[in-house]
Amino acid sequence: MTRNHLTPELKLFLLTENSPLYHEPFIDKYTNGIFDSLTRNVFQDPFWSIYWPGGQVLTRFILDEKERILGSMTQNVKKDIIRILDLGAGCGAAAIAAKLMNETCKIVANDISKVACTAIAMNAILNNVDIEVLCENLLKKPLEDSYDVIFVGDLLYDEEIANTLVTWLGDAHERGAQIYLGDPGRHGLNETFRKRLKLIRRYSLPENIKKENYGYDMAIVWEFN
């Protein structure tokens with residue numbers, strides 16, 4: 001459990017240098033190099049165990065700017081319950097921050113990894129918040145449920161997913177969702193995607209985050225339009 005990140009208000013279970021697994025090579029010591037698929041996915045691609053810079057700045061933005069995020073929704077239309085989606089939630093930080101932003105909000109944290117969803121649930125318990133965890137690939141079809149706000153933290157890791165996202169988010173935006181993305185400048189942030197974005201806030205990253213993320217020294221929160 002660590003608070004050594006941009007959002008120390010949150011306690012998060014993460015893979016840090018204090019964990020023995022952080023220093024272990026990816027070698028199967030017990031089954032002669034043969035992993036089952038679950039074990040391989042858990043240890044070879046542990047995206048859920050890292051608090052990526054785009055997710056950190058997005059979560060910082062949520063904690064700092066709740067009036068800005070919620071204000072435009074409640075200005076003209078009185079809503080009994082505000083529905084918020086954290087897409088590709090990873091460790092669940094943005095979803096947890098959203099719940100802390102407004103306890104009456106309905107928060108759904110979504111990820112395609114079952115292990116990530118377990119990590120999200122553990123981190124939610126650690127921070128004493130109640131959020132719904134949804135393990136499903138929502139990008140396979142247009143969003144069926146209606147959300148007032150969608151958060152996307154550090155999901156633009158290649159152009160393929162960016163091309164899928166720009167269409168999917170465009171449909172959600174047309175249906176009334178406010179959409180915020182956190183990104184440090186990944187490859188997926190192409191010109192087509194950038195045309196739909198408005199820069200909201202630029203954050204400098206602390207030294208430990210730079211070290212863990214190949215020298216990225218800043219990350220941006222964008223609003224999707």
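Here the CD atom belonging to Glu132 is positioned 10.5 Å from the CD1 atom belonging to Ile107, to the nearest 0.5 angstrom. Distance CZ/Phe151 to CD/Gln178: 8.5 Å, rounded to 0.5 Å. Taking OG1 of Thr167 as the start and CG of Leu169 as the end, the distance is 9.0 Å to the nearest 0.5 Å. Rounding to the nearest 0.5 Å places SG of Cys135 at 7.0 Å from CG of Asp111. The structure places NZ of Lys141 at 13.0 Å from CG of Asp171, a figure rounded to the nearest 0.5 Å. To the nearest 0.5 Å, atoms CG (Leu189) and CD (Glu191) are separated by 8.0 Å.
Glu223 contributes no side-chain N or O that, together with a main-chain N or O of Ile200, makes up a donor-acceptor pair within less than 3.5 Å. Here the side chain of Ser19 pairs no donor or acceptor atom with the backbone of Leu15 at under 3.5 angstrom. Checking side-chain atoms of Asn123 against main-chain N and O of Phe13 turns up a donor-acceptor pair under 3.5 Å. When atom types are taken as modelled, the side chain of Asn110 and the backbone of Leu87 share no donor-acceptor pair closer than 3.5 angstrom. Remark: side-chain polar atoms of Asn127 are not paired, donor with acceptor, to backbone N or O of Leu10 under 3.5 angstrom.
The aromatic rings of Phe47 and Trp52 lie tilted to each other, with the angle between the two planes from 30° to 60°.
Trp222 and Tyr157 fall within a single hydrophobic cluster, where Ile, Leu, Val, Met, Phe, Trp and Tyr side chains are chained together by heavy-atom contacts under 4.5 Å. By the rule that hydrophobic residues join a cluster once side-chain heavy atoms approach within less than 4.5 Å of another member, Met218 and Leu156 end up as members of one cluster. Residues Ile125 and Trp48 fall into different hydrophobic clusters, defined by Ile, Leu, Val, Met, Phe, Trp and Tyr side chains chained together at heavy-atom separations under 4.5 Å. Using a 4.5 Å cut-off between side-chain heavy atoms of Ile, Leu, Val, Met, Phe, Trp and Tyr, with links allowed through other members, Ile131 and Met122 fall into different hydrophobic clusters. Hydrophobic cluster membership differs between Leu12 and Leu63, with clusters built from Ile, Leu, Val, Met, Phe, Trp and Tyr side chains linked at under 4.5 angstrom.
Counting only heavy atoms from C-beta outward, the side chains of Leu100 and Ile62 never approach each other to under 4.5 Å. By the 4.5 Å heavy-atom criterion applied to side chains, Asp148 and Arg83 are counted as neighbours. The shortest side-chain heavy-atom distance between Val57 and Leu6 falls under the 4.5 Å cut-off. In this structure, Leu197 and Asp183 have side chains that are not in contact, with every pair of non-hydrogen atoms separated by 4.5 Å or more. The shortest side-chain heavy-atom distance between Phe193 and Glu159 does not fall under the 4.5 Å cut-off. Annotation: side chain of Thr59 is not in contact with side chain of His5 (no heavy-atom distance under 4.5 Å).
Side-chain atoms of Thr2 and Tyr51 include no donor-acceptor pair closer than 3.5 Å.
Smallest separation of non-hydrogen atoms from Asp86 and Ala94: OD2-CB, 3.5 Å. Across every non-hydrogen atom of Gly55 and Asp154, the tightest pair is N-CB, 4.0 Å. Between Ala162 and Asn190, the shortest heavy-atom contact is CB-ND2, 4.4 Å. Between Ala89 and Ile120, the shortest heavy-atom distance links the atoms CB-CD1, 3.7 Å. Here the shortest heavy-atom pairing between Ala177 and Ile150 reads CB-CD1, 4.0 Å. Residues Ala109 and Ala95 approach most closely at CB-CB, 3.7 Å, considering heavy atoms.
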Could you go through Arg186 and Tyr216, starting from their C-alpha distance and side-chain angles, then the distance that decides it, and tell me whether this counts as side-chain contact (heavy atoms from CB on, under 4.5 Å)?
CA-CA 10 Å; Arg186 303 277 184 204; Tyr216 282 119; 3.2 Å; yes
CA sep, side-chain torsions, deciding dist, call: Val108, Asp145, side-chain contact (heavy atoms from CB on, under 4.5 Å)
CA-CA 11 Å; Val108 176; Asp145 294 326; over 6 Å; no
List the steps, then state whether side-chain contact (heavy atoms from CB on, under 4.5 Å) holds for Ile161 with Leu139.
CA-CA 9 Å; Ile161 193 168; Leu139 299 182; 4.2 Å; yes
Step-by-step side-chain contact (heavy atoms from CB on, under 4.5 Å) determination, Leu165 to Phe224:
CA-CA 11 Å; Leu165 266 176; Phe224 184 92; over 6 Å; no
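Among residues at least two apart or in separate chains, salt bridge (charged side-chain N to carboxylate O under 4.0 Å, His left out) pairs with a member in residues 4-18 are Glu9-Arg60, Glu17-Lys211.
Exactly one of Ile96, Val149, Ile84 qualifies for a side chain to side chain contact (heavy atoms under 4.5 Å, CB included) with Met101. That residue is Ile84.
The pair Lys99-Asp130 does not count as a salt bridge, with every side-chain nitrogen at least 4.0 angstrom from each carboxylate oxygen.
Summarising the local packing, CZ of Arg3 is surrounded by more than 12 heavy atoms from other residues, nucleotides or ligands at distances under 6.0 Å. Heavy-atom neighbours of Lys210 NZ from other residues, nucleotides or ligands within 6.0 Å: above the threshold of 12.
A search for side-chain hydrogen bond (donor to acceptor under 3.5 Å, both in side chains) contacts involving Asn102 returns Thr104, not counting sequence neighbours.
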